[in-house]
Amino acid sequence: MHNERVSPPRRIAHLDMDAFFASVELLRYPQLKGLPVVIGGGRRKVDEIVRQRFADRPLSQIPADAFPLLKDYVGRGVITTATYPARQFGVGSAMGMMKAAKLCPQAIVLPVDFEEVRRFSRTFKAVIRDIAPVVEDRGIDEVFVDFTDVPGGQREGGRVLARLIQKSIFDATGLTCSIGVAPNKLIAKMASEFNKPNGISIVHEADVQTKIWPLAVRKINGIGPKSEVKLHALHIHTIGDLAAQSREWLVDNFGAAYGAWMHDAAWGRDDRPVVTESEPVSMSRETTFERDLHAVRDRAELGAIFTDLCTRVAEDLRRKGYVGRTIGVKLRYDDFRIATRDQTLDHYTDDAATIRRAAGQCLKRVDLRQKLRLLGVRVGKLAKAGSLPAPEAAPRVAAEPTPDLFHGLAGTQDFR
DNA sequence: TCTGGGGTCCTGCTCCCA
DNA sequence: TCTGTGGGAGCAGGACCC
């Protein structure tokens with residue numbers, strides 16, 4: 001006689017806040033509910049202009065027709081998110097503002113309020129952890145939650161717990177979310193998109209062929225635009241098409257790791273655990289300029305931006321308690337080509353001047369004759385600041401960057 | 001329509017060393 | 001001394017994600 005306790009089937013939920021950035025804004029401006037609104041751009045503090053004009057009124061009473069429209073938007077940028085009425089015009093995340101303006105010129109444009117969004121992010125995640133403690137952070141508006149051993153987590157395949165979480169988040173924030181519950185993270189992620197907004201989708205192992213195989217290959221988290229093009233060229237369009245290929249064939253065409261992973265993904269196999277804690281690998285700051293800049297002609301401006309990026313990365317490191325050893329730069333040229341260079345130091349640092357000096361050395365190894373669109377500074381090989389033995393501690397170069405650091409190395413023609 | 005910012009992971013190449 | 005080989009580290013770039 002065996003007396004083994006049978007472990008319950010794995011139930012993993014993926015929770016995705018609905019149009020998160022836009023929904024947070026709509027809490028502030030409820031008069032925009034039901035209208036097409038896009039969040040993005042960021043540079044022009046449009047809502048501050050509106051707030052100044054109507055300083056005497058509460059935000060909720062500023063007339064909807066006072067807000068700036070997409071057709072009047074000038075400048076670079078992409079859309080962070082769009083409300084569902086805007087999405088009906090084909091406007092969506094990561095779309096250029098210019099294209100969006102063509103599709104839906106009447107949409108209202110609001111900038112991202114990261115502070116406010118982060119505050120709501122912390123709130124909804126705390127609500128979830130109170131109910132189901134095994135939560136994996138997947139960015140500002142998404143989480144995986146392990147329902148397996150949560151009391152009630154198995155009822156109706158997870159639907160009862162999902163409903164409780166949805167209601168609790170709405171009560172705490174006024175925001176809605178969509179939840180998919182499945183045997184693993186891969187399927188849960190797909191399932192959370194089945195029934196948006198404010199939906200719940202339950203998928204069991206036996207449903208893979210009916211619910212997953214008809215979907216486009218691009219729906220798999222990990223198959224992006226490049227792989228999609230290649231798969232289409234091989235006449236593979238749906239996840240079912242992918243599942244019909246042999247593992248060997250996929251390995252031959254996509255490499256050992258990616259090919260084998262694709263095969264598992266198509267068959268709904270994924271045993272990754274829900275990870276509740278993780279350490280950052282790198283920290284970076286980058287910025288796209290208002291106009292393309294040239295290393296010689298715009299030297300002063302670029303030098304100032306470069307110093308500012310190094311300072312901000314150093315501040316991020318210190319605020320979060322990390323030091324790093326690999327310093328790198330990223331450049332995007334005006335033709336969108338990207339160049340990166342990095343250099344590993346013999347000691348860890350969180351010092352802005354040290355970072356700037358090393359990043360400056362990296363810049364010496366790239367072509368600076370072409371105009372630049374973006375500049376970034378990255379610090380990798382991170383370690384917890386307090387965890388290093390004494391000899392690893394970095395010497396501080398200077399409390400403040402010296403003037404020549406702002407204006408490039410003496411004698412050079414560019415901003416380094 | 002020209003495409004943000006902050007990340008992770010993987011692959012291929014080169015160099016160094018045994 | 002020359003050639004080969006194989007591993008590890010560092011670097012550059014690509015793909016993908018939110």
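Below, each value reflects all heavy atoms present in this structure, side chains not excepted, and no hydrogens, waters or symmetry copies.
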Run the salt-bridge test on [X] and [Y] with the 4.0 Å N-O cut-off and return the result as yes or no.
| X | Y | value |
| --- | --- | --- |
| Arg285(A) | Asp308(A) | no |
| Asp264(A) | Arg269(A) | yes |
| Asp298(A) | Arg291(A) | yes |
| Glu315(A) | Arg318(A) | no |
| Asp137(A) | Arg129(A) | yes |

**Message:** I want to verify the glycosidic state of dC2(B); is it syn or anti under the 90° rule?
**Reply:**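 Syn, angle within 90° of zero.
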Kindly say if [X] contacts the phosphate of [N], meaning a side-chain N or O under 4.0 Å from OP1 or OP2.
| X | N | answer |
| --- | --- | --- |
| Thr287(A) | dG5(B) | yes |
| Thr326(A) | dG10(C) | no |
| Ser284(A) | dG7(B) | yes |
| Arg138(A) | dC17(C) | no |
| Lys189(A) | dC18(C) | yes |
| Arg373(A) | dC2(B) | no |
| Arg378(A) | dA12(C) | no |

Using a 4.0 Å heavy-atom cut-off across all strands, classify [X] as base, sugar-phosphate, or nothing.
| X | answer |
| --- | --- |
| Ile220(A) | sugar-phosphate |
| Gly96(A) | nothing |
| Lys230(A) | nothing |
| Arg332(A) | sugar-phosphate |
| Glu286(A) | base |
| Ala101(A) | nothing |
| Met283(A) | sugar-phosphate |
| Ser227(A) | sugar-phosphate |

**Prompt:** Once you round it to whole Å, what is the distance between C1' of dG14(C) and CD of Glu228(A)?
**Reply:**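 Atom CD in Glu228(A) sits about 17 Å away from atom C1' in dG14(C).
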**Asked** CZ of Arg218(A) versus C1' of dC16(C): gap in Å, rounded?
**Response**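 To the nearest whole Å, that distance equals 8 Å.
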Nucleotide nearest [X] (side chain, heavy atoms from C-beta), chosen from [options]:
| X | options | answer |
| --- | --- | --- |
| Pro225(A) | dC16(C), dC18(C), dA12(C) | dC16(C) |
| Lys226(A) | dC9(B), dG10(C), dA15(C) | dA15(C) |
| Ala94(A) | dC18(C), dG4(B), dA12(C) | dG4(B) |
| Lys320(A) | dT1(B), dG13(C), dG7(B) | dG7(B) |
| Arg285(A) | dG6(B), dG4(B), dA12(C) | dG6(B) |
| Thr344(A) | dG4(B), dG5(B), dG10(C) | dG10(C) |

**Ring centroid separation Phe20(A) to Phe120(A) under 6.0 Å** =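 Centroid distance Phe20(A)-Phe120(A): not below 6.0 Å, so no.
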**Request:** Between dG4(B) and dC16(C), how far apart are the C1' atoms? Round to whole Å, please.
**Result:**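 So the two C1' atoms sit 16 Å from each other.
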**Arg369(A) atom CZ, neighbour heavy-atom count above 12 within 6.0 Å** = no
**Prompt:** Given Watson-Crick or G-U pairs with both distances under 3.5 Å, what dot-bracket string fits DNA chain B, with | for other-strand pairs and [ ] for crossing?
**Reply:** ....||||||||||||||
**Asked** Looking just at side-chain N and O atoms, do Gln370(A) and Arg337(A) make a donor-acceptor pair shorter than 3.5 Å?
**Response**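 Distance-only check passes for Gln370(A) and Arg337(A).
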